[in-house]
Amino acid sequence: MLTDLANQPGTLWVDGNFVPWPEAKLHVLSHSLHFAGSVFEGIRVYGGRAFALHQHLERLAASAEMLGYRLPWTVDVLEAACHALLARQELVEGYIRPIAWRGSQSVSVPAAACRVHVAIAAFPWPSYYGEEQRRRGLRLAVARWKRPSPETAPTASKTAGLYTIATMARDEANAAGLDDALMLDWRGLLAEATGANLFLVVDGALHTPLPDCFLDGITRRTVIGLARARGLEVVERRMAPGELARAQGAFLTGTAVEIMPVAAIGERELDPAHRLIGMLAGDYAALVRGEGPAPTP
Ligand code: PMP
């Protein structure tokens, strides 16, 4: 991860122009800074190829529409901008972060008068967790913050406002010596981690919470496809925390974390070396690098 994100060499794409990295600034009276209405994406680049770029940019546009605004650029224009930026940054392994926000035409709640901006950054980001964490698996706290109901927040959008509780939950877990937090939803059901989706391995099948109040991750859907291609049963359903007792293994999925084994959720210990997790991680690694799923063992 970069240490000082504001001061790097290279270029960002901002509102249609390439600008030197340190000059990509916004005004402190930007509406989205005050009211958390920005929407963003994260895309991983493997061997110079941005995995599922089009899907991510479509989700960016959909997130903005859920918040009540339209991006001033089409998905195709943004996709071309990402490719041009990758070439300029000479990025082979890394991460792309597009973000859209409302500008400085209002400091009060109504936003209709605000101009919409879009910026894209691309930078190296080798691995979210170290090799040691990957081997031993993540230890997750159970967060005191709950994922809100879709009647309370635009839960299908990747908007900054929804990350306030995620950041608090993650920082509290890290301060307690744990790696991340599992968030329950407003009903008390299993939901997701602070930036990744959850899967349980139960008697040779995968069980994953129904994404009815949190992001239906692109990695989550990819893994469901890979598992079904392996002939595994995948069950999407509502699950109470007590169901963790039935699981032998668990893992998280997300663009940044990829497929990450879990060693514990609260008091429940799980097998981070479960065979199915390793198999799916291998299939995912092959897919994102354009090699297709590995053959059945
Ligand atoms: N949930 C949250 C809260 C996230 O931030 C992410 C990462 N974008 C995910 C789930 C996983 O989504 P994806 O697989 O599309 O990256």
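Counting starts at 1 for both ligands and their atoms, following the listed order.
Counting heavy atoms closer than 4.0 Å to ligand 1, residue Leu162 contributes nothing at all.
Under a cutoff of 6.0 Å and an axis angle of 45°, Arg44 and Trp125 form a cation-pi pair. Taking the centre and axis of the six-membered ring of Phe18, the NZ or CZ atom of Arg88 falls inside the cone set by 45° and 6.0 Å.
Given atom 8 (N) of ligand 1, the protein heavy atom at minimum distance is Lys158 NZ, 2.9 Å. With respect to atom 5 (O) of ligand 1, the closest heavy atom belonging to the protein is Tyr163 OH, 2.4 Å. Closest to atom 9 (C) of ligand 1, if we only count protein heavy atoms, is Gly195 O, 3.7 Å. Among protein heavy atoms, the minimum distance from atom 16 (O) of ligand 1 is reached at Thr255 OG1, 2.6 Å. Closest to atom 2 (C) of ligand 1 among all protein heavy atoms lies Glu192 OE1, 3.5 Å. Among all protein heavy atoms, the one lying closest to atom 14 (O) of ligand 1 is Thr219 OG1, 2.6 Å. The protein heavy-atom contact nearest to atom 11 (C) of ligand 1 is Asn197 OD1, 3.7 Å. The protein heavy-atom contact nearest to atom 12 (O) of ligand 1 is Gly217 CA, 3.4 Å.
For ligand 1 and Ile218, the ligand atoms under 4.0 Å from any heavy atom of the residue are 13 (P), 14 (O), 15 (O). The ligand atoms of ligand 1 that sit less than 4.0 angstrom from a heavy atom of Thr194 are 3 (C).
A distance of 6.0 Å or more separates the ring centres of Tyr284 and Phe251. Centroid-to-centroid, the aromatic rings of Trp13 and Trp73 come within less than 6.0 Å.
Ligand 1 has no atom lying under 4.0 Å from any heavy atom of Ala166. Arg59 counts as a contact of ligand 1, since one of its heavy atoms falls under 4.0 Å from the ligand. Within the structure, the closest approach of Thr222 to ligand 1 does not fall below 4.0 Å when heavy atoms are considered.
Between Arg221 and Glu236, no side-chain nitrogen of the basic residue sits less than 4.0 Å from a carboxylate oxygen of the acidic one, so the salt-bridge criterion is not met. Under a 4.0 Å N-O distance rule, the pair Arg238/Asp212 qualifies as a salt bridge. A salt bridge links Glu93 to Arg289: one of the charged nitrogens lies within less than 4.0 Å of a carboxylate oxygen. Ion pair Lys158/Glu41 not flagged as a salt bridge, since none of the NZ, NE, NH1 or NH2 atoms sits closer than 4.0 Å to an Asp/Glu carboxylate oxygen.
In terms of N/O distances under 3.5 Å, ligand 1 is not approached by Ala193.
Side-chain contact annotation: Glu79 with His54, donor-acceptor N/O pair under 3.5 Å present.
In Glu151, the CD atom is not crowded: 12 or fewer heavy atoms of neighbouring residues, nucleotides or ligands sit closer than 6.0 Å.
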